[in-house]
Amino acid sequence: MKAQRSAVDARGGRRDPPGPAGADRAAHRSAADTVHPWSLDLERGRVDTTFPVAELGAAVHELRAWLGLFDPLERRVLLRLGRRWLGTGRGFALRLAPIGWLERGRAWSIEVDDQPDPRRTAMCGRIGVLDLTPPLALDTDPRASIEVPQALVSLLVELLESADEPRLLDRVLDLILDASSAPIGRVVRWHAEDGVFEVVAQKGTSQVRLGQRLMPQDSVLGRAVFGCRAPIVVDDFSLWARARCARVGVPLGPVANLPLVAGATVIGVLGVARPAGAQRFSAQELRALMLWARLCAVIMHRADLAAAHRASLAERQAMEAEMADHLSWLQIVSATLPNCVFWRRVKRAERIGFAFVGPGITELTGLSTDRILADPNALAPFYSQPYRAELRDYERRSAETGERLDRVLPFIDRHGAERWVRLIAAPRRRGPEEIVWDGFFMDVTEERQRSVERDALIATLQQRNLDLDRYNASVAHDLRNPVLSIRSTVDLALLDLERGKVERVGDRLRQIERTTEQMIRLIDHLLELARLGRTAVQPQWVSVADLVTEVAERVDTELRRSQAEFDARRCRGRIWADPELLREALLNLVGNAIKFAKPGQRPRIEVGCVREEGTTGAKRYVCDQGVGIPPAYHERVFEPFERLTRSVPGFGIGLSLVRQIAEVHGGRVWVESAGEGEGACFVLYFPDPADGGTP
Amino acid sequence: MAWIVIVEDDEAQRELMQVALADLGYWDRVDALEDGEQALERLEAWCRSEPHPDLVLMDLKLPRRSGHEVLESLSARGLRPPMPVVVLSSSNLLSDRELAASVGASDYRIKPLGYVALVELLRSVSERWCPTAPRWA
């Protein structure tokens with residue numbers, strides 16, 4: 001065995017191309033060394049049955065050489081090199097030759113050649129095809145190996161060494177039939193008379209000509225040993241036999257196709273043709289042929305099977321081409337659609353993994369597509385834990401239910417930033433144990449952001465609508481109230497007239513006059529407020545001192561009447577604002593400061609402008625020493641129509657106007673006051689241009 | 001002695017109500033308050049001790065504290081006015097009605113326009129909320 005191994009090693013380094021020349025050399029060497037990696041070790045009854053597919057060509061030739069060594073009749077070795085026989089002996093020599101008409105050279109014929117023995121020139125034997133085709137794609141996968149069924153090899157060894165051929169032949173048949181599935185039944189009879197073989201199988205009580213229903217995929221052996229599911233395609237033996245007989249110049253007697261199939265490996269014989277009137281095969285020869293038939297090949301052919309197979313092959317090739325087209329299309333789409341990754345996930349039995357993933361994934365994850373194809377869980381870390389579990393559950397569930405997935409999930413990208421992807425997938429079953437999910441995911445982060453912004457905008461608008469409703473209600477109320485007041489005064493005046501209190505009527509009329517004036521002012525304010533909402537802000541750098549001077553001039557009368565002290569010394573610098581609006585705001589604040597002075601006290605009003613460290617806007621303030629505002633009202637005073645007192649004329653609109661002016665500048669207004677009687681300081685914050693900060 | 005309190009910030013409306021109530025002839029005592037803060041203070045006192053008025057008519061839109069806030073503050077302090085408090089408002093908004101009901105107002109009426117309508121309303125409110133009031137109809 002050791003010698004055998006070293007021969008294997010030695011052969012591993014050989015680079016002879018497969019072919020007759022290489023084979024002949026191998027045969028020659030095997031004859032010289034009497035050990036061969038793909039040969040029987042007759043001494044030990046062992047065989048090295050595994051060889052690499054890459055060396056299949058050479059191995060086949062070696063097999064041919066090995067078969068050439070075998071003389072079934074005398075168990076003598078016949079050696080042949082090319083057309084030259086090196087050994088002598090009676091019986092048949094076997095020749096293996098590729099059969100071109102089988103697809104991709106996946107089968108080899110074994111011929112029983114009468115040439116080596118001149119004494120038997122009148123005989124023509126034929127043994128069909130040995131197909132060593134395993135389920136592997138021999139021509140594409142050089143790593144694949146072929147396993148020759150050890151049981152058959154053992155029997156062969158035994159046959160070679162035993163004289164009890166019929167018994168062994170039965171065992172071979174049993175083995176073949178056991179390995180085959182039910183339709184074969186048991187071979188009960190075969191005979192060879194007048195040069196014709198016939199094998200009949202019995203199943204139940206009926207006898208069946210073998211071959212009618214034999215398909216290799218039915219074979220347990222074929223599945224167990226090779227896992228082969230493809231039908232064996234062999235051409236019509238009788239045609240072949242005819243051609244062969246014509247070549248050797250003998251007339252062809254009756255020929256029968258004689259199928260025996262064991263799985264994927266065809267190991268049978270087809271038939272024997274002999275010239276009419278020629279010497280008959282001896283019983284021993286026939287047995288030898290039969291033996292070979294069962295050991296080496298059964299050719300079973302039905303033209304329709306071959307045609308069907310070829311048709312299905314063509315169909316499959318067309319489908320493969322179509323799929324390749326689709327894949328290529330998918331790849332193009334996947335590569336060109338921005339933020340979109342197509343993928344295909346496949347589950348075969350318990351294994352699951354990606355079969356395709358678009359190149360866009362690299363952009364998102366930093367992982368190469370190869371890496372993702374190699375590792376089925378490569379993408380898992382990019383989903384956060386709950387979603388990972390959800391996706392796993394979905395995969396498990398949808399395999400049964402066919403449920404589609406359409407989810408938007410958070411996804412951590414290559415930079416660790418959270419993004420959002422929309423994941424769409426649909427499962428489909430391909431075969432009993434295979435499920436395929438075709439899907440894609442898109443980076444929808446920006447859409448989602450837009451959607452969040454849109455929702456926020458909708459919420460803001462809804463709030464604005466509510467505010468507007470409330471505002472309208474307030475307006476209605478505040479417009480109705482003066483009307484009610486006027487009507488009440490009118491009724492009071494009428495009652496006075498009725499009841500003889502004429503002297504009070506004049507006061508009533510003056511009251512009505514005041515109320516109507518108030519109402520006009522209220523309407524003017526409302527119009528002003530509405531105008532502000534429509535006017536586009538036109539900010540510019542405004543000199544604070546100039547503006548305050550202007551304001552002071554506008555309220556000069558009120559200031560003098562109230563004898564107010566007006567201090568604007570701290571107004572310095574510039575402020576980024578619409579001068580007209582800012583003037584309006586200041587007028588309101590200064591006006592309030594005059595109106596809400598403490599009774600009997602000379603108002604003191606300070607207007608200033610400061611810029612604080614660390615902020616980029618200007619605060620402008622108006623402080624007074626007036627009646628002050630309790631903290632509870634600090635917010636409410638800016639609401640429209642909110643008034644803290646009726647003792648001072650007004651409508652509660654001025655401060656809401658100030659607030660609106662501040663807001664349209666991106667700023668804000670607030671009041672600082674310790675409470676009633678403590679004075680108040682209204683602060684306006686106007687940010688500098690492009691400043692998003694707060695004061 | 002029939003005692004009623006009105007809370008109304010507008011002077012003319014307040015006076016007309018006082019006249020109308022006097023003309024009705026039923027109410028012996030009519031008190032008038034001008035803002036929400038006063039109303040809260042007095043109502044709180046009446047919640048805690050006798051004597052108290054038989055009926056309060058209160059506007060919603062009041063200076064310093066709205067009518068809603070007055071009632072809300074009372075209930076926040078665990079107090080419940082011992083007399084019916086009828087809201088008299090110029091707002092016909094459903095939200096204002098619901099809010100008033102939720103903070104414990106007994107009734108909600110819209111301010112009428114003019115003396116005659118006002119007298120009619122005051123009659124109806126008196127009949128509804130004061131068992132001792134005469135049935136004018």
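In what follows, chains carry the letters A, B, and so on, assigned in the order in which the sequence lines appear, proteins first and then strands, with residues in each chain numbered from 1. The shown structure was predicted, so the numbers you read here are calculated from the model rather than taken from an experiment.
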Q. What heavy-atom pair brings B/Ser90 and A/Leu484 nearest, and what distance separates the two atoms?
A. CB-CD1, 3.9 Å
Q: Return yes when atom CD of A/Glu672 has more than 12 non-hydrogen atoms of other residues, nucleotides or ligands closer than 6.0 Å, and no otherwise.
A: yes
Q | Residues of residues 96-118 of chain B contacting chain A, heavy-atom criterion under 4.5 Å, by residue number | A | B/Ile110, B/Lys111, B/Pro112, B/Leu113, B/Gly114, B/Tyr115
Q. Looking at B/Ser66 and A/Arg636, what are the two nearest heavy atoms and their distance?
A. N-NH2, 4.5 Å
Q: Might you confirm whether atom CZ of A/Arg480 has over 12 heavy atoms from other residues, nucleotides or ligands at distances under 6.0 Å?
A: yes
Q. Would you call A/Arg504 and B/Glu15 a salt bridge, taking side-chain N to carboxylate O under 4.0 Å as the test?
A. yes
Q | Spacing of OG belonging to A/Ser488 relative to CE belonging to B/Met17, to within rounding of 0.5 Å | A | 9.5 Å
Q. In Å, rounded to the nearest 0.5 Å, how long is the span from CG of A/Leu492 to CG of B/Leu16?
A. 4.5 Å
Q | Contact listing (chain A partner; residues 18-27 of chain B; heavy atom under 4.5 Å) | A | B/Val19, B/Asp23
Q | Which atoms of A/Leu495 approach chain B - backbone, side chain, both or neither, heavy atom under 4.5 Å | A | side chain
Q | Straight-line distance of B/Asp10 CG to A/Thr489 OG1, nearest 0.5 Å | A | 7.0 Å
**Q.** Within 6.0 angstrom of A/Arg464 CZ, more than 12 heavy atoms from elsewhere
**A.** no
